[in-house]
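When a ligand or atom number is given, it counts from 1 through the structure's own listing order.
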Amino acid sequence: MFLTITTTGTPEHPATELGFLLHKHPEKAQAFSTSYGTAHVLYPEADDRRCTAALLLEVDAVALVRRGKGKGRGGAPDAALASYVNDRPYAASSLLAVALSGVFSSAMKGVCNARPELPAVPRPLRIEVPALPARGGPALVRRLFEPLGWTVTAEPVPLDTAFPQWGDSRYVRLELESADRTLAEALRHLYVLLPVLDDAKHYWVASDEVDKLLRAGEGWLPGHPEQKLITSRYLSRRWSLTRQATERLELVRLAEADDSEVEEIDNAVEAETETEERPTPLAVQRREAITAALKSSGAARVLDLGCGQGQLVQALLKDPAFTEIVGLDVSMRALTIASRRLKLDRMGERQAARVKLLQGSLAYTDNRLKGYDAAVLSEVIEHLDLPRLPALEYAVFGAARPRTVLVTTPNVEYNVRWESLPAGHVRHGDHRFEWTRAEFRAWAQAVAERHGYGAEFVPVGPDDPEVGPPTQMAVFTLTTPKEAKAA
Ligand code: SAH
């Protein structure tokens, strides 16, 4: 059973800082004994550019059972045998979570005595768990991690690669990526969500588990769209504890709405916005092109799908032609930042009535998205794995069916013009693909054809005679009315 955490370095923060944060020296492998076996920490790679720490847990199945904490339910002799012969040693993610909190306890708390400033630094992180038991499969894995701002890859592990006809096991290969996370946050997500996915806690849940859950869930569990499932599974479905936790989470949520804290976050957001926009005037040009296309379509009620941190919503709010603006994103973290950027809680009533932020995934049809004049997908499609694109296509063009749809995406041909981009690289670590103009046109025309829309193409940014513009935009307009389509 193992897990790896990888970070890449920047000039100010070399990747080897991971060793300081974990309080484990990159140059030696170390072993720690835990109540269930031995935990090893080692670094398969460690230089300034890339550093990976691996946590490997060797579970002693017999000790596990002897401690009376195995899963066997007593009674029939088979049950006794089953408690020795089970998958715990190889995969129990709840044990992995316990080991994480034991071996990396300071890192989880965000404490680093040697370098006190380090824990608060967000850094690129990538976490891999090659075999994670996941009741609920890849779909649940996404529902748990995506709202926290992780880019999730969750692939079912086949029962036996030699016999694909046997189907998939209950394991998934999990990969989480984020460009800017603190390690403490990441460890706290794993500490709670690994056992939630396993859904088979190996030890009796006592009431101090509620405290542990609330401590580890601080800052992200209150308001998580799956908060109920997480709480109930984490507490092994003991209703009294679950109720107690739910009530306390509600109190936390109310306390968080307190103004005093928002001020601080506002300043942080402001600082972030500045650094974010300075090198990318293209983002501004994109918003201008989108706004112009929306205005010429005559749209008043607009969806911003995959709204991210709310920059476009903010820009659209300034124009009274837009009477209702709805931002939707799968990432709760992005939405929290968006709502702070927009100062939603301090907006006058009339302004507030014009704007709404929703958490949701474009991979599913969503009735809340019906009945709008226009939908914008700005730099969103390339964040989805290609096989999931048809689901988004159906949710937007088949189900929501606004009169106008704007889709922007990078033009990969232009990448040779970016001086800082090494040849053959995509622009952003989260991009699953980047298309040429021909590829984008082919996709857009096929989508338009399938759903009764017409498609036109608009360049955004300088239109290079050879490689085209940096951003390409498709403007879809409904040509077949709904009734005709349904018939
Ligand atoms: N539209 C913004 C943000 C683009 S980044 C802009 O132009 O700046 C892509 C955004 O899509 C991210 O915020 C990401 O969380 C969101 N996203 C990715 N997959 C999604 C999905 N399946 N459903 C909804 N949003 C998704």
Legend entry - Six-ring centre of Trp150, Arg142 cation under 6.0 angstrom, axis tolerance 45°: no

Inset, instruction - May I ask you to establish whether Arg450 and Phe397 are in a cation-pi arrangement, using a distance under 6.0 Å from NZ or CZ to the six-membered ring centre and at most 45° from the ring axis? - result: no

Legend entry - By ring pair (Phe, Tyr, Trp, His ring centres under 6.0 Å) - contacts of Phe433 (at least two apart):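 Ring pair (Phe, Tyr, Trp, His ring centres under 6.0 Å) check on Phe433 returns Trp435.
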
Inset, instruction - Tell me, please, which residues at least two apart from Thr336 pass side-chain contact (heavy atoms from CB on, under 4.5 Å). - result: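 Counting only residues at least two positions away or on another chain, Thr336 forms a side-chain contact (heavy atoms from CB on, under 4.5 Å) with Arg340.
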
Legend entry - Contacts of type side-chain contact (heavy atoms from CB on, under 4.5 Å), residue Ala321, not counting sequence neighbours: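 By the side-chain contact (heavy atoms from CB on, under 4.5 Å) rule, Ala321 matches Lys295, Asp319.
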
Show me a pair-per-line table, with atom names and distances to 0.1 Å, of protein N or O atoms that are under 3.5 Å from an N or O of ligand 1.
{"from": "ligand 1", "atom 1": "1 (N)", "to": "Gly306", "atom 2": "O", "distance (Å)": "2.7"}
{"from": "ligand 1", "atom 1": "1 (N)", "to": "Ser378", "atom 2": "O", "distance (Å)": "2.8"}
{"from": "ligand 1", "atom 1": "7 (O)", "to": "Ser378", "atom 2": "O", "distance (Å)": "3.0"}
{"from": "ligand 1", "atom 1": "7 (O)", "to": "Ser378", "atom 2": "OG", "distance (Å)": "2.6"}
{"from": "ligand 1", "atom 1": "13 (O)", "to": "Asp329", "atom 2": "OD1", "distance (Å)": "3.4"}
{"from": "ligand 1", "atom 1": "13 (O)", "to": "Asp329", "atom 2": "OD2", "distance (Å)": "2.7"}
{"from": "ligand 1", "atom 1": "15 (O)", "to": "Asp329", "atom 2": "OD1", "distance (Å)": "2.6"}
{"from": "ligand 1", "atom 1": "22 (N)", "to": "Ser361", "atom 2": "OG", "distance (Å)": "3.3"}
{"from": "ligand 1", "atom 1": "23 (N)", "to": "Leu362", "atom 2": "N", "distance (Å)": "2.8"}
{"from": "ligand 1", "atom 1": "25 (N)", "to": "Val330", "atom 2": "N", "distance (Å)": "3.3"}

Legend entry - Modelled atom types, side-chain donor and acceptor of Thr436 and Glu413, under 3.5 Å: no

